[in-house]
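The next block holds one structure in the form of structure tokens; read it before the comments.
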Amino acid sequence: MKFKRIPLLIVLILSLTASNALSQGLDSAGLCTRCKPCEDFYKYVNQIYLEKHPIPPDYSYWGPWSEVFEHNLSILHDILDRAAARAKSGEAPKGSNEQRIGDFYAAALDSVTVERRGIEPLTPEFDRIDQITNTQGLIQEIARLQSLQVEAPFAVGVDQDAKNSERMMLTVWQSGLGLPDRDYYFRPDKHSKELRDAYVKHIQRMLELAGISSKNASTDARSIFSLETILARASMTRVERRNPDSTYHDLSFEALNRLTPDVPWQPYLADIGASNVNDVNIGQPKFMAVVDSLIIHEPLTTWKAYLKWHVVSAFSPALSHAFVDEGFNFDKLLYGSNEQQARWKRSIRSTDRNLGEALGQEYVKTAFPPEAKQRMIAMIENLKEALRSDLTSLSWIGDTTRHRAIEKLEAFQQKVGYPDKWRDYSALTIQPGKYLENIEAARQFEFHRELNKLGKPVDRTEWGMTPPTINAYYDASMNEIVFPAGILQPPFFDFSRDEAFNYGAIGTIIGHEMTHGFDDNGSKYDAKGNLENWWSQSDLKNFKERAKCIIDQFSSYTVQDSIHLTGGQVVGESIADLGGVTLAYAALERSLKGKPRTIIGGFTPEQRFFLGYARQWADNVRPEAERTQVYTDPHPPAYYRVIGPLSNFPPFAEAFGCTEGDKMVRPASERCNIW
Ligand SMILES: [Zn+2]
């Protein structure tokens, strides 16, 4: 489990009408000729696209990412239809990955059986909760539910020790809220109050559907909400959690028992299979102290209701339509989609979530040509060269810091496409017709796989995303950048297109991930992936001032008239976006040296670079989803990922002839510049 890995974007609802915008990319005809590039470059590049691509009713947003996602769905659909038929006929050997994905998908798709079974598949879990009689029983049930990835009231997993990246460590993290973030429990505005009211009603209806009487469900819903509010108050904010020094508390069991004297840790650890560990990282000690007190003081009846709510909520997508509809209706308030996605789409996503590498292995055979990997590796090398040269010449850091930064860059590991070593699913049994039980089995398999890492060397071959995923990440403890096959396709990566466009698209994404190694968070880790300061005091002060420039810039942006972006929440991603553009642009200039500067479609290579950059962020988004993004996502909305970095970047102004006073050019005194 990775509590600190940061993806390129958080996809609210992974989202084609396979439009040919994918392969055509950009030409001058696709640009908004009535829009001015120096006023609003995002609009200039994307307005026509956005007008031509309204959000489909089953999506909360729509853009090139969603198009690629739908394209992937169609590939996965063929793979899974075939696997399901072969599993059914017995052609796929029992216990093979093909049988696993085939039977899993078919059971997910089988709405008749799911409907007939109703709540029955969850009855054993409810019975267990009903049988709790004391604190020890409660903590053991919490452990049981964690093994099903129901992380209430806290989460547990195994992660690299932040200060010794060679060691795997038990880690406990705040969790247990049904709303997307702690702040949802406290925001005073009308909309937030309405959302809280709707949430309490949603809990009540789910409990009623699960067979609890209306009167009890109503009382329970209010108690559950009060309990969650106490947990929320004790939780760290998103901004607080960005600082890895604040979430590192390596406690011996003696110290843990002092912090949480009422939690019977021994039976808990035995149940999760971690009896022999000597220490644990408690991400949020204050939160755990509050959990400790709640375990003693909150009535057991409230705890039982709370656990039932979290179980039913976690598994509702695998239950009958009444549960699915109730979940969808509440999610609508957060994301705004008008229709549920088709069952086959939801079933594919569920297979990806639960058996990702078994499915991914088939996906890459169809969708990922080996030459794509070679070309990507060459591009990464060019970007590394750009960063090396940047670090060598940067004027605001001293030589000691410079030396350490270059050392960190040289130690970067990279993963492209798919794992060299695939996950071994042989201990996981998937049965026909048992959708919910299959999810439970897959989740338990994953939980035990994680816990098994304790006391073993760090597995550096592991991937944190499945191959079809359209995303990328930097991992600070591994000091590695990772690009799944999913993102290595048009419009991000298209070698039928010219170089300038590709540098603006996938090049900036590579640069973005590299820069994470040097953002407000990543810069705290050294070349070995250890949380250890390698900065001289004056350089660090200088860096913090530069990061503050980004915080202030993004805090000044307002969406929907009244909602401010939180600079401190999006600072890491925004440093990475600016770094990504800077590095990819430098790499392009390097590759253009000595070559003729061809004009294509009326645009210079530099202009095409910026067009490629802006187009990949085209995004139509529903207001509900936008609000949720601003409140919860470390990434700013797509619009600001374009205008934010480009308005800080003089080569952009130069390429389009923009001057100070234009909206796309921040005054020199306010301009941010880091890497
Ligand atoms: Zn990022």
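Note that ligands are numbered from 1 as they come in the structure, with each ligand's atoms numbered from 1 the same way.
Between the NE2 atom of His516 and the OE1 atom of Glu573, the angle centred on the Zn ion (ligand 1) amounts to 100° when rounded to 10°.
His512 contributes NE2 as its N, O or S atom closest to the Zn ion (ligand 1).
Ring geometry, Tyr49 versus His53: the interplanar angle falls under 30°, so the pair is classed parallel (tilted spans 30 to 60°). In this pair, Trp396 and Trp535 present their aromatic rings parallel. The plane angle is below 30°, not in the 30 to 60° band.
The cationic atom of Lys415 (NZ for Lys, CZ for Arg) does not lie both less than 6.0 Å from the six-membered ring centre of Tyr473 and within 45° of the ring axis.
Judged as a salt bridge (charged side-chain N to carboxylate O under 4.0 Å, His left out), the pairs with a partner in residues 548-558 (not counting sequence neighbours) are, in order, Lys548-Asp552.
The Zn ion (ligand 1) has no N, O or S atom of His635 closer than 2.8 Å.
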